[in-house]
Amino acid sequence: MEKELVMYTRTLGCPFVTIAKRVLGEHNVPYREILIDRDPLARNRVKTWTGFLSVPTLVVTEPGGILPIEEPAPLEKGTSPQGIDRNYMITEPRDKQLLEWLQKHGLVES
């Protein structure tokens, strides 16, 4: 199955966005960026998925898509999505979490 990586982010800096961009750059992983502070629908999507306006929220999509291949498992209300592998979605991952998630989806070789 062909896959594409989409990163929901915002124009203002964030340490987790910096980490994600560095890891993706180090491994030459192409991605599309959707800015939630410029796209109200994307903002609502992230809020619905995470319960917060958490960035980056990275999703594996079908080529040209904006939604994860499968709906992510719900989080318990008020639970932080930080670093939780939700199959085709991960939010605010640390370096190692992101790398393992990318490998799991075949976007980076193990």
Side-chain angles (χ1 to χ4, degrees):
M1 167 191 304
E2 287 190 46
K3 303 174 187 175
E4 187 173 0
L5 182 63
V6 173
M7 180 165 57
Y8 287 82
T9 186
R10 64 176 171 247
T11 52
L12 294 177
C14 162
F16 287 106
V17 171
T18 301
I19 289 169
K21 287 184 176 185
R22 180 177 46 74
V23 170
L24 296 172
E26 286 173 356
H27 295 279
N28 298 312
V29 178
Y31 64 94
R32 280 188 297 121
E33 197 168 2
I34 297 176
L35 301 170
I36 68 169
D37 54 349
R38 294 191 179 164
D39 182 338
L41 294 175
R43 176 186 163 94
N44 289 338
R45 239 179 264 127
V46 168
K47 178 83 171 176
T48 298
W49 288 333
T50 68
F52 305 92
L53 297 177
S54 301
V55 294
T57 292
L58 297 108
V59 297
V60 176
T61 71
E62 294 177 355
I66 56 173
L67 303 176
I69 291 172
E70 292 176 5
E71 189 68 26
L75 293 169
E76 194 172 314
K77 187 172 177 130
T79 300
S80 171
Q82 189 177 67
I84 297 175
D85 179 345
R86 297 172 68 198
N87 197 16
Y88 289 100
M89 176 183 293
I90 193 165
T91 301
E92 297 178 341
R94 300 204 182 283
D95 304 54
K96 185 179 178 195
Q97 293 167 326
L98 179 55
L99 186 55
E100 288 173 356
W101 184 80
L102 292 167
Q103 290 169 337
K104 170 183 157 180
H105 291 289
L107 298 169
V108 169
E109 289 189 28
S110 306

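Residue numbers count from 1 along this sequence.
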>> With a 6.0 Å cut-off (strictly less than), is the heavy-atom count around CZ of Arg45, excluding the residue itself, greater than 12?
In response: yes

> Does Val6 belong to the same Ile/Leu/Val/Met/Phe/Trp/Tyr cluster as Leu35, with side-chain heavy atoms less than 4.5 Å apart forming each link?
Replying inline: no

> Got a second to check how far Arg86's CZ is from Thr57's OG1, nearest 0.5 Å?
Replying inline: 8.5 Å

>> Would you say that Val108 contacts Val23 through its side chain, given a criterion of any heavy-atom pair below 4.5 Å between the two side chains?
In response: no

>> If we check side-chain contact (heavy atoms from CB on, under 4.5 Å) with Val55, which of these qualifies: Glu92, Arg10, Met7?
In response: Arg10

>> Ignoring hydrogens, what is the shortest heavy-atom contact between Thr79 and Phe52? Give both atom names and the distance.
In response: O-CE1, 3.5 Å

> Does Leu98 belong to the same Ile/Leu/Val/Met/Phe/Trp/Tyr cluster as Ile69, with side-chain heavy atoms less than 4.5 Å apart forming each link?
Replying inline: yes

> After noting the C-alpha distance and the side-chain angles of Val46 and Thr91, does the key distance pass the side chain to side chain contact (heavy atoms under 4.5 Å, CB included) rule?
Replying inline: CA-CA 10 Å; Val46 168; Thr91 301; over 6 Å; no

> Is the CZ atom of Arg32 crowded by more than 12 outside heavy atoms at less than 6.0 Å?
Replying inline: yes

> Do you reckon Val29 sits in the same ILVMFWY cluster as Val17, going by side-chain contacts under 4.5 Å, direct or chained?
Replying inline: no

> Can you find a heavy atom in the side chain of Glu70 that is under 4.5 Å from one in the side chain of Asn87?
Replying inline: yes

> CD/Gln82 to CZ/Phe16 distance, rounded to the nearest 0.5 angstrom?
Replying inline: 3.5 Å

>> Can you tell me how far apart CD (Glu71) and OG1 (Thr48) are? Round to the nearest 0.5 Å.
In response: 9.0 Å

> Roughly how far, to the nearest 0.5 Å, is the OG1 atom of Thr9 from the CD1 atom of Ile34?
Replying inline: 11.0 Å

> What pair of heavy atoms forms the shortest contact from Tyr8 to Ala42, and how long is it?
Replying inline: CE2-CB, 3.8 Å

> Of all heavy-atom pairs between Pro81 and Leu75, which one has the smallest distance, and what is that distance?
Replying inline: CB-CD1, 3.5 Å

Let me have the donor-acceptor pairs involving side chains of residues 59-68, under 3.5 Å, with sequence neighbours excluded, atom names and distances please.
unit_1 : atom_1 : unit_2 : atom_2 : d
Thr61  : OG1    : Glu4   : O      : 3.4

> salt bridge (Lys or Arg N to Asp or Glu O under 4.0 Å) between Glu100 and Lys96: does it pass, once the steps are laid out?
Replying inline: CA-CA 6 Å; Glu100 288 173 356; Lys96 185 179 178 195; 3.8 Å; yes

>> Between Leu53 and Arg43, is there a side-chain heavy-atom distance shorter than 4.5 Å?
In response: yes

> Taking side chain as C-beta onward, heavy atoms only, is Ile84 less than 4.5 Å from Ile90?
Replying inline: no

> What is the distance from atom OG1 of Thr11 to atom CG of Asp37, rounded to the nearest 0.5 Å?
Replying inline: 3.5 Å

> In terms of hydrophobic clustering (I, L, V, M, F, W, Y; side-chain heavy atoms under 4.5 Å; direct or indirect links), are Tyr31 and Leu107 co-clustered?
Replying inline: yes

> From Leu41 CG over to Ile36 CD1, what is the distance, rounded to the nearest 0.5 angstrom?
Replying inline: 12.5 Å

